[in-house]
Amino acid sequence: QVQLVESGGGLVQAGGSLRLSCAASGRTFSWSTMGWFRQAPGKQREFVAAISWSDDITAYADSVKGRFAISKENAKNTASLQMNSLKPEDTSVYYCATSGIMGAVVEIWKYDYWGQGTQVTVSS
């Protein structure tokens, strides 16, 4: 089992920044990729960003490229999502998740463990 806890969500004005963090515990040797997803009310959960734990390969959704950056600290088993130039359409609950597959996977079904999520609200 892997336990994931997100933090750092909140309310921010459009154009502002937030930094989300995901702390992992438990079987921390069992994953190869950590990803961030988001889900807005009435919408499906969607991929945001991912990072491969061993070789730092990253992947981003087109909607966040150039604005969001994913990073990790292996020693602390944490990953972060720096979100800049936030837009109202970025408003969602953000979830971190882990996958046993290498290569910064983007497919939601390849992720095994999920956090509870943290709310990000961007006001216009």
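Quick caveat, the model's predicted, so the values are computed rather than measured.
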*Check side chain to side chain donor-acceptor pair (under 3.5 Å) between Gln39 and all other residues, then give those that pass, not counting sequence neighbours.*
Arg45

*What distance do Ser21 atom OG and Glu6 atom CD have between them, rounded to the nearest 0.5 Å?*
10.5 Å

*If you take all heavy atoms of Thr33 and Ala50, which pair is closest and at what distance?*
CG2-CB, 4.0 Å

_Heavy-atom side-chain contact between Ile70 and Lys72 under 4.5 Å_ = no

*Pairs touching residues 42-87 that satisfy disulfide (SG to SG under 2.5 Å), sequence neighbours left out*: none

Please set out all donor-acceptor pairs under 3.5 angstrom arising from side-chain atoms of residues 13-20, sequence neighbours excluded.
| from | atom 1 | to | atom 2 | distance (Å) |
| --- | --- | --- | --- | --- |
| Ser17 | OG | Asn84 | OD1 | 2.9 |
| Arg19 | NH1 | Gln82 | OE1 | 3.1 |

*If you look only at pairs with a residue in residues 108-118, which of them pass as a salt bridge (Lys or Arg N to Asp or Glu O under 4.0 Å), with sequence neighbours excluded?*
Glu107-Lys110

*Trp31 and Ala24: which non-hydrogen atoms are nearest, and at how many Å?*
CH2-CB, 3.2 Å

*From Tyr60 OH over to Phe68 CZ, what is the distance, rounded to the nearest 0.5 angstrom?*
10.5 Å

*Sequence-distant partners of Gln1, side chain to side chain contact (heavy atoms under 4.5 Å, CB included), two or more places apart*: Gln3, Tyr113

*Applying side chain to side chain donor-acceptor pair (under 3.5 Å), name anything that partners Ser52, two or more places apart in sequence or on another chain.*
Asp55

*Contact list for residues 1-101, test disulfide (SG to SG under 2.5 Å), sequence neighbours left out*: Cys22-Cys96

*So do the side chains of Asp90 and Arg67 get within less than 4.5 Å of each other, counting heavy atoms only?*
yes

*Roughly how far apart are Ile51 CD1 and Leu81 CG, rounded to 0.5 Å?*
10.5 Å

_ILVMFWY cluster membership beyond Tyr111 - transitive side-chain contacts under 4.5 angstrom_ = Phe37, Phe47, Val93, Tyr95, Ile101, Val105, Val106, Ile108, Trp114

_Listed partners of Ser32 passing side chain to side chain contact (heavy atoms under 4.5 Å, CB included), at least two apart_ = Met102

_Spacing of OG1 belonging to Thr91 relative to CD belonging to Gln119, to within rounding of 0.5 Å_ = 7.0 Å

*How would you list, by chain and number, every residue that makes a side chain to side chain contact (heavy atoms under 4.5 Å, CB included) with Glu46, sequence neighbours excluded?*
Arg38

_Residues forming a side chain to side chain donor-acceptor pair (under 3.5 Å) with Glu89, sequence neighbours excluded_ = none

*Would you please name every residue forming a side chain to side chain donor-acceptor pair (under 3.5 Å) with Arg27, sequence neighbours left out?*
none

